[in-house]
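Worksheet: one structure, shown below.
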Amino acid sequence: MGYLARRAFFGLTIACLVITAVIIASGAAGETSPVKKVDIQKGLVAFVDIKSPTPAAVYLLYPVQYEKYTETGLLEGVLEFKNITWLMYPIPALLEDQTVYFVPKGDVIFNITYENIRERIDRLYRGEEQLRAGTEMLTEPGVNVVRLTPLIPGLKIRLEFSDNIAFVIAKTIDFARYRKGLKSFEQLYGDAEIKGTSNVFNFSTTDYEDLYVLIKTDSLMKMKYLIWATKESAESGC
Amino acid sequence: MKISRRGLLKGLGISMAGGIFVNGLPARMASGGEMKMPKVPRPLLPSPSRKRVVILGGGYSGLYCAITLRDLAPDSEIIVVEKYPLFVSGPSHIDFVAGLKHLDEITRSYDPVAGRNITLIRSEVMEVVPDEKMVITSSGLIEYNFLVISTGIRIADEDVLNLIEQPASNAHAWELGETVEMRKRVEAFKGGKIVLTVPPAPFKCPPGPYEVACLLREYFDNKKVKAEIAILDANDKPQPGPLAQKWTAVLEARNIKYMPNNKVIEINAAGKQIITDKGEKVGYDLVSIIPPNKAATFIKEAGLGDPFVDVDPATFKSKKYDNIFAVGDCAKVPYTKSAFTAALQGKNVAHYVARAMGLDVKEPAPIINICYPYVSSKESLMVRVEWDKDGKMLKAEADDPKKDYATSRAAWESGLINGLFGA
C-alpha cells in the first residue's frame, strides 16, 4: 500500500473510530459480547486474540474472581484492558490446568489458539521469533501513556502510530517525575535516549525494566505495540 | 591505550609481592589519552601464590560454591567477601516479620564455613576490574585467578519517588535491616490499612509478598487487630505467574484486596499515601513497598552485564571473561530467584570453576527449584520446576495448600542451612 493510500486508510479508520466513540459515549450503542470462558490444559499456552471495531474494555478474571463477579457484579481487583481495539494476550498453563474468564464491555470478537509450551520454547531456542503480546488502542489528544510490561532483555518491540507523532520511551522514575509535574514532555524528550517523531518505531529491550511510552498528539489516533520473544529473551527467563 | 597494573608496577619499579604497600592502582587511560590515576586502596591480601577463587557474597549461592569447591579443588585458595558479619537465612525473613521465628533461629556465625579452610573477609565490594583480575573492596583490593559473583539483588529505592529522601517511611522483608524494622511496625500496629506492594518481575522470592500478606492476615486475626490488607502488584497477576490461579483463590479467601497492574512510583510519607503509575492514591497506616530488584551497580560498571551478569546458563561462565562466573539472583539466568536454586547454582558453579582450573570434575546435575510458599503458618503451597542443563524448562508442577507442605518447608530451609553450617 502506498503512502497516500495508507494515510487515507488510517484517516478513514480514525473517522470511524471517532464516530463510534461518540455513539458509545452517548449511550446509543455499545452491544456487549458475552463472557468468554477459556480453559487451558497444563502444558499449553492460550493466545487470546481480541478484536473490537470500537474501543472496548475487557476484564480478565480467575475463577474465584468470576464467582465474586457473578454474585456482586463488581470488577474489583481484576486485570483490565481499557480502550482497546485489539489485544493479544498469552495465558500459559505451566504448572496446572488454568481457567480464566474474559468479561467484555463492548462488542468484541475472540479468537483463541493453543500451543504447546515446550514446543514453543524449543522453537524459540532454535532461533524463531515469536509474537508474545500486543495491543492496539485509541489515544486521545494530549499526552498519552502506555506501559510496556513485563519486559526482559532481548525482546523486540514495534510501535505503530496512525500518524507521525512525537514519542518518548521513559523509565519508571522519569515517568514518575513527569506524572508529578517535575518534568515536562519536552524535557523528557530532550533527555531521553529512545525517542522519535514517526509512525513506526522498532527497538529491542536490554534489561528487565518497565518502559513507559509517552505520546504527544493533537488528535484522536491509533497506537499499536507488538512484542516478540527471541532466543536471547528465552535465556533471560521468558 | 591501556596500561596493565603489572605493567605500571614494573614501570614504577614496585611489585605487590610480599604485600608491599602500593598506591596508585589501577592505572587507566582516559579516553582522551591522558593518564588518569584514581585513588585505589592498598592490597588487602598478598598476590595469590596458588589458584585463588574470590567469591563475592556470602549468601546461599556463594557459600555453597565455597564449600563445594573446597572439596573439588582442595589445593585452591578460597576467599568469600561478605558485607554482613553474620549469615541470616533469606526465606525466614518472612517468618520473622510474621512472628513465627526469632532472628537467632535463622542466624548463623560464618565460623563453621571458615573452619573448612575458607577465608571470610567482611567488606563491601566497590568495583571489579576484570582486565586486571582484581576486586576493589571497601577494605582494600584483592587479586583473583577466578571470580564468582553472587552478590544477590540490590533494592532499587531510587526507582520510587521520595523513597531515598524518606527511607524511614518504608519497611519490607527483602533486606535484613528493613525486616527487623518491619517486624517492629507489625508489633506496634493497632489497626487500620496495610498496603503491601509487589515490584515488577523478576524479583527475589516471587511468592514472598503474597506469603507476607497471608501471614499478616493470620497474625492480626489471632491478635484481634482489625486490618484491611491490600496488595498493589506491579505485575498483571500474582507471581510466579504459573501460581496466579492458586494465589487469587488464596487471597480472596483471606479477604486480602488484590490490585494487579498497579505499580508504585511515589510515596507521600507525610500524607501516608502511595501513588501508582495509574495515578491512584492509596492511603495506608502501615506500608511495605518492595522496590524493584536490581543487581549491584559494579556489575554494569565492570562491563559484565546490565543489570545482571551475562552468563551461559549451563556453566554460569561470563560471556566476556573465562575466569568470571556469576550465580544466584545477580546472574542473568532463567532460574527462579529462590534460595533453593541459589544453593544449587552455587554447587554447580563450583564444578565449572574446578573444570576451568583444569581439574577432572564430573558434570553436575541440572538446576531444579522446590519451594513451599506459606498461605498460613500451618499450610503451604508446593511448586517444583526442573530445567535442562541449558536452562530450558523441562517440567513443572504445583499443588494446593497442605499441612504437610508447611512441615516440608521447615525441613527444606533447615536442610539448606545445615548443609552450610551443620545441624
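From a predicted model like this one, the values you see are computed outputs, not experimental measurements. Throughout, protein chains are lettered first and strands after them, A, B, ... in sequence-line order, and every chain is numbered starting at 1.
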Next item on the list: Identify which part of Lys278(B) has an atom lying under 4.5 Å from any heavy atom of chain A, answering side chain, backbone, both or neither.
Entry: both

Margin query: Which one wins on heavy-atom pair count under 4.5 Å against chain A: Pro202(B), Ala201(B), Pro292(B)?
Written below: Pro202(B)

Next item on the list: Between chain B and each of Thr99(A), Thr206(A), Leu79(A), count heavy-atom pairs under 4.5 Å; write down the option with the most.
Entry: Leu79(A)

Next item on the list: Run the salt-bridge test on Glu186(A) and Lys216(A) with the 4.0 Å N-O cut-off and return the result as yes or no.
Entry: yes

Check: Using non-hydrogen atoms only, which part of Val100(A) is less than 4.5 Å away from chain B: side chain, backbone, both, or neither?
Finding: neither

Next item on the list: Among the options Leu60(A), Ile117(A), Val78(A), pick out the one with the most heavy-atom pairs lying under 4.5 Å from chain B.
Entry: Val78(A)

Notebook entry, point to check: What part of Lys171(A) lies closer than 4.5 angstrom to a heavy atom of chain B: side chain, backbone, both or neither?
Noted result: neither

Checklist line | Winner by heavy-atom pair count (cut-off under 4.5 Å) against chain B, out of Asp210(A), Leu151(A), Asp174(A), Thr149(A) | finding: Asp210(A)

Note to self: I'd like to check Cys214(B) versus Val250(B) (side-chain heavy atoms, cut-off strictly below 4.5 Å). Are they in contact?
What the structure shows: yes

Next item on the list: Look at Lys392(B) together with Asp122(A) and state whether they make a salt bridge at an N to O cut-off of under 4.0 Å.
Entry: yes

Next item on the list: Please state whether the side chain, the backbone, both or neither of Lys294(B) comes within less than 4.5 Å of a heavy atom of chain A.
Entry: side chain

Item checked: Engaged part of Pro63(A) at the chain B interface, taking heavy atoms whose separation is under 4.5 Å -> side chain

Notebook entry, point to check: Among Met259(B), Lys246(B), Lys263(B), Glu266(B), who wins on heavy-atom pairs under 4.5 Å with chain A?
Noted result: Lys263(B)

Next item on the list: Determine whether Leu159(A) and Ile157(A) make a side-chain contact, defined as any pair of heavy atoms from C-beta on separated by less than 4.5 Å.
Entry: yes

Check: For Tyr89(A), is it the side chain, the backbone, both or neither that has a heavy atom under 4.5 Å from a heavy atom of chain B?
Finding: side chain

Item checked: Donor on one side chain, acceptor on other, Gln345(B) and Thr341(B), under 3.5 Å -> yes

Next item on the list: Could you tell me which portion of Leu182(A) (side chain, backbone, both or neither) has an atom closer than 4.5 angstrom to a non-hydrogen atom of chain B?
Entry: side chain

Margin query: Heavy-atom cut-off 4.5 Å, strictly under: side chain, backbone, both or neither for Glu397(B) against chain A?
Written below: both

Margin query: Below 30° counts as parallel, above 60° as perpendicular, anything between as tilted: where do the rings of Phe308(B) and Tyr208(A) land?
Written below: perpendicular

Margin query: Looking at Tyr374(B), I'd like to know if the NZ or CZ of Arg409(B) sits under 6.0 Å from its six-membered ring centre while staying within 45 degrees of the ring's axis.
Written below: yes

Checklist line | Interchain contact, Glu67(A) with chain B, by part (heavy-atom threshold 4.5 Å) | finding: neither

Notebook entry, point to check: Is there a donor in the side chain of Tyr210(B) and an acceptor in the side chain of Asp233(B), or the other way round, less than 3.5 Å apart?
Noted result: yes

Check: Checking salt bridge (charged side-chain N to carboxylate O under 4.0 Å, His left out) for the pair Lys183(A)/Asp191(A): CA distance, chi angles, key distance, verdict?
Finding: CA-CA 10 Å; Lys183(A) 273 193 171 186; Asp191(A) 297 344; 3.0 Å; yes

Check: Which one, Asn235(B), Asp390(B), Leu394(B), Val160(B), leads in non-hydrogen pairs under 4.5 Å with chain A?
Finding: Leu394(B)

Margin query: Counting heavy-atom pairs under 4.5 Å with chain A, which one of Asp310(B), Val385(B), Asp159(B) comes out on top?
Written below: Asp159(B)

Notebook entry, point to check: Tyr335(B) vs Phe316(B) aromatic rings, parallel, tilted or perpendicular, using cut-offs 30° and 60°?
Noted result: tilted

Check: Is Glu160(A) salt-bridged to Arg158(A), cutoff N-O under 4.0 Å?
Finding: yes

Margin query: If we define contacts as heavy-atom pairs under 4.5 Å, which of Asp236(B), Asp277(B), Ile265(B) has the most with chain A?
Written below: Asp277(B)

Next item on the list: Heavy atoms only, distances under 4.5 angstrom: which of Ala331(B), Ala230(B), Gly279(B) has the most pairs with chain A? Name it, please.
Entry: Gly279(B)

Note to self: Using a 6.0 Å distance limit plus a 45 degree cone around the ring axis, check whether Lys224(A) lies over the aromatic ring of Trp86(A).
What the structure shows: yes

Check: Which bit of Gln65(A) comes within less than 4.5 Å of chain B, counting heavy atoms only: side chain, backbone, both or neither?
Finding: side chain

Next item on the list: Measure distances from Ala156(B) to the heavy atoms of chain A and classify the residue's part below 4.5 Å as side chain, backbone, both or neither.
Entry: neither

